[in-house]
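Here the structure comes first, spelled out in C-alpha cells, and everything after it is commentary.
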Amino acid sequence: EHLSNLLISMFGRCGALLDACAVLYRMPTPTVVSWTSLITCFVKNRHDMRAVQIFKDMLKVGVDPNGVTFLAVFNACANIGSLSEGRLIHVCLIEAGLQLDVAIETSLVNMYSQCNSLEEAFVVFNKMHLRNVVTWTSMIAVCARHGHNEEAILLFWHMQAESVEPNELTFTSVITACTSEHDFSCGRLIHILLMLNGLDMDIGIGTALITMYGKCGAMHDAVSVFSNLRSCNLISWTAMMTAYKELEQHEDCLQLYKQMHMKGCNPDIITFTIVLNACASLLAHFEGMHIHMSIAYFGLETDALVASALIDMYGKVGAFLEAYSLFNAVHQRDAVVWSAMISGCISKGDRREGLRLFHQMQKEGMEPD
RNA sequence: CCAUAACAGAGGUUC
C-alpha cells in the first residue's frame with residue numbers, strides 16, 4: 001500500500017485528481033497516509049473545498065487524522081479563507097489529542113491569518129513554546145500585510161533576541177514593513193545586518209531595500225544597493241525607476257529605462273506606467289510617444305493601468321487628441337482612467353468638457369472617489 | 001519513514 005500511496009501523490013502532482021481518487025477507492029484499507037495524500041493532492045490543485053470535504057469523509061469512515069493531515073487541511077482552510085471552517089477543524093485537532101509540533105502550530109497561525117483573524121493567529125503564536133524561522137516569518141509577513149508594520153518590526157527584533165536566524169523571506173517582509181512606515185533608521189539597521197552575511201546582494205532583498213530607500217528619500221543608498229545587486233530582473237529595474245521617479249529624478253528614470261531595454265529586458269505594465277509618469281513630469285511629449293509605440297507593440301494600449309498613464313501623459317503635454325482617442329479606445333474604464341481624462345480637460349482650461357465627462361462617468365455607474 | 005507548515009520583493013490620476 002506504500003506504492004498506492006505514492007501513486008496517489010504522483011497523480012496529484014500531475015493534476016490527475018480523478019485517478020488519485022480512483023486509487024484510494026480501490027484500496028482495501030486506505031490508511032491515514034492514503035487519505036492525507038489525497039487531501040494534499042486537492043490542496044495542491046487549489047480544490048480546497050473538496051479537500052476539506054475529503055477530510056470529513058475520512059473522519060466519517062473512522063480513520064484518525066495525524067499531524068500531517070492537519071497540515072494539509074489547515075492549508076486548505078487558509079486558501080478558502082473560511083474562518084468558521086478553520087475553527088471547526090482546530091477543534092478537531094484539539095479533540096484528536098495529538099502532540100503538537102512547531103509545523104502544526106505554524107500552519108494554524110497561518111490559517112488564522114489568512115482567514116483575517118490576526119487575533120486568533122496571535123493567540124496561537126503567543127502560546128507556542130518553540131518558534132522557528134517559518135513561524136516568525138509567517139507572523140511578520142502577516143502583520144505587514146495587515147498594515148501592522150510597527151508590530152512586524154518589533155517581531156523581527158524579538159526574533160533576533162531569541163537567536164532565530166532570519167532568511168530571505170523574513171528580511172523582505174520586515175523591509176516591506178519599514179517601507180510602509182517610512183522607517184529609515186530601522187531599514188538601514190537591517191541593511192547593515194544584511195551586509196554582514198552578503199544577503200544585501202540578493203535580488204529579492206535588494207529590491208525591497210531599493211524601494212525602502214526610495215520611499216525614505218535616500219537616493220544614494222538606493223543606487224548603491226542597485227549597483228551591488230548580484231543580478232537584475234524586471235522587478236529590480238522597475239523598483240529603481242520608481243525610486244528615481246518618486247524623487248523627481250525623471251531623466252535618470254528614463255535613462256535607466258533605456259539601459260534596461262539595451263540589456264534585453266522587456267518592460268511590462270508596471271514599468272510602462274512608471275516611465276510614462278516620468279515623461280509626464282518632464283513634459284517629454286516625444287519620449288512619451290516613443291514609449292507609446294512600444295506599448296502598442298506589446299498590445300497593452302487598452303489596459304486600464306497603462307491607458308490612464310498614457311492619457312495622463314498626453315493630457316499634461318497638451319496632446320488632447322491623442323488623450324481623447326485613447327480614452328475612447330479603453331473598454332474597461334475605471335475611476336483612474338476617468339480622472340486622468342477629466343484632469344486633462346481641466347488643465348487644458350476646458351472646464352465644461354471636464355464637467356460633462358464627470359457627469360457622464362456617473363451616468364455610466366462609476367462612483368467618483 | 002509512503003503524505004508534510006510561512007512563499008516574500010517593483011504598481012497608475014488627483015490630493
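Protein chains get the first letters and strands the later ones, always in sequence-line order, with residue 1 at the start of each.
- A donor-acceptor contact shorter than 3.5 Å links the side chain of H359(A) to the backbone of L355(A).
- Judged as a salt bridge (charged side-chain N to carboxylate O under 4.0 Å, His left out), not a single pair has a partner in residues 177-203 of chain A (not counting sequence neighbours).
- Nucleic acid contact class of N66(A) (heavy atoms, under 4.0 Å, all strands): base.
- Taking the six-membered ring for Trp and the full ring otherwise, F226(A) and W237(A) have centroids separated by under 6.0 Å.
- A donor-acceptor contact closer than 3.5 angstrom is absent between the side chains of H250(A) and N277(A).
- Against RNA chain B, the stretch residues 237-262 of chain A makes heavy-atom approaches under 4.0 Å through T238(A), A239(A), T242(A), K245(A).
- Residues L326(A) and H292(A) meet the side-chain proximity criterion, which asks for heavy atoms closer than 4.5 Å.
- Judged by distance alone, the side chain of H90(A) and the main-chain N or O of G86(A) form no donor-acceptor pair under 3.5 Å.
- Within 4.0 Å of A103(A), counting heavy atoms only, lies at least one base atom of the nucleic acid.
- Ring to ring, W35(A) and F55(A) are not that close: their centroids are 6.0 angstrom or more apart.
- Note on T271(A): nothing from the nucleic acid sits closer than 4.0 angstrom, heavy atoms only.
- A side-chain N or O of T106(A) and one of T135(A) form a donor-acceptor pair less than 3.5 Å apart.
- Nucleic acid contact class of S343(A) (heavy atoms, under 4.0 Å, all strands): sugar-phosphate only.
- RNA chain B is contacted by L71(A), N75(A) of residues 70-101 of chain A, taking any non-hydrogen atom closer than 4.0 Å.
- For the residue pair Q255(A)/Q259(A), the side-chain donor-acceptor check at 3.5 Å is not satisfied.
- In this structure, a donor-acceptor pair under 3.5 Å is absent between the side chains of S325(A) and N328(A).
- Side-chain N/O atoms of S37(A) and S9(A) include no donor and acceptor closer than 3.5 Å.
- Remark: the T69(A) side chain and the N66(A) side chain contain an N/O donor-acceptor pair separated by less than 3.5 Å.
- Within 4.0 Å of D369(A), counting heavy atoms only, lies no atom of the nucleic acid at all.
- Looking only at atom types and distance, the side chain of S107(A) has no donor-acceptor partner in the side chain of N110(A) under 3.5 Å away.
- Nucleotides of RNA chain B with any atom under 4.0 Å from a heavy atom of chain A span, from 5' to 3', C2(B) to U14(B).
- Taken residue by residue, residues 27-46 of chain A places heavy atoms nearer than 4.0 Å to RNA chain B at V33(A), T36(A), S37(A), T40(A), K44(A).
- Atom NE2 of H182(A) sits in a crowded spot, with more than 12 heavy atoms from other residues, nucleotides or ligands closer than 6.0 Å.
- Interface residues of residues 279-306 of chain A facing RNA chain B, ordered by number: A304(A), L305(A); criterion, heavy-atom separation under 4.0 Å.
- Using a 4.0 Å cut-off between charged side-chain N and carboxylate O, R46(A) and D48(A) make a salt bridge.
- Nucleic acid contact class of I140(A) (heavy atoms, under 4.0 Å, all strands): none.
- Here F156(A) and F171(A) bring their ring centres to under 6.0 angstrom of each other.
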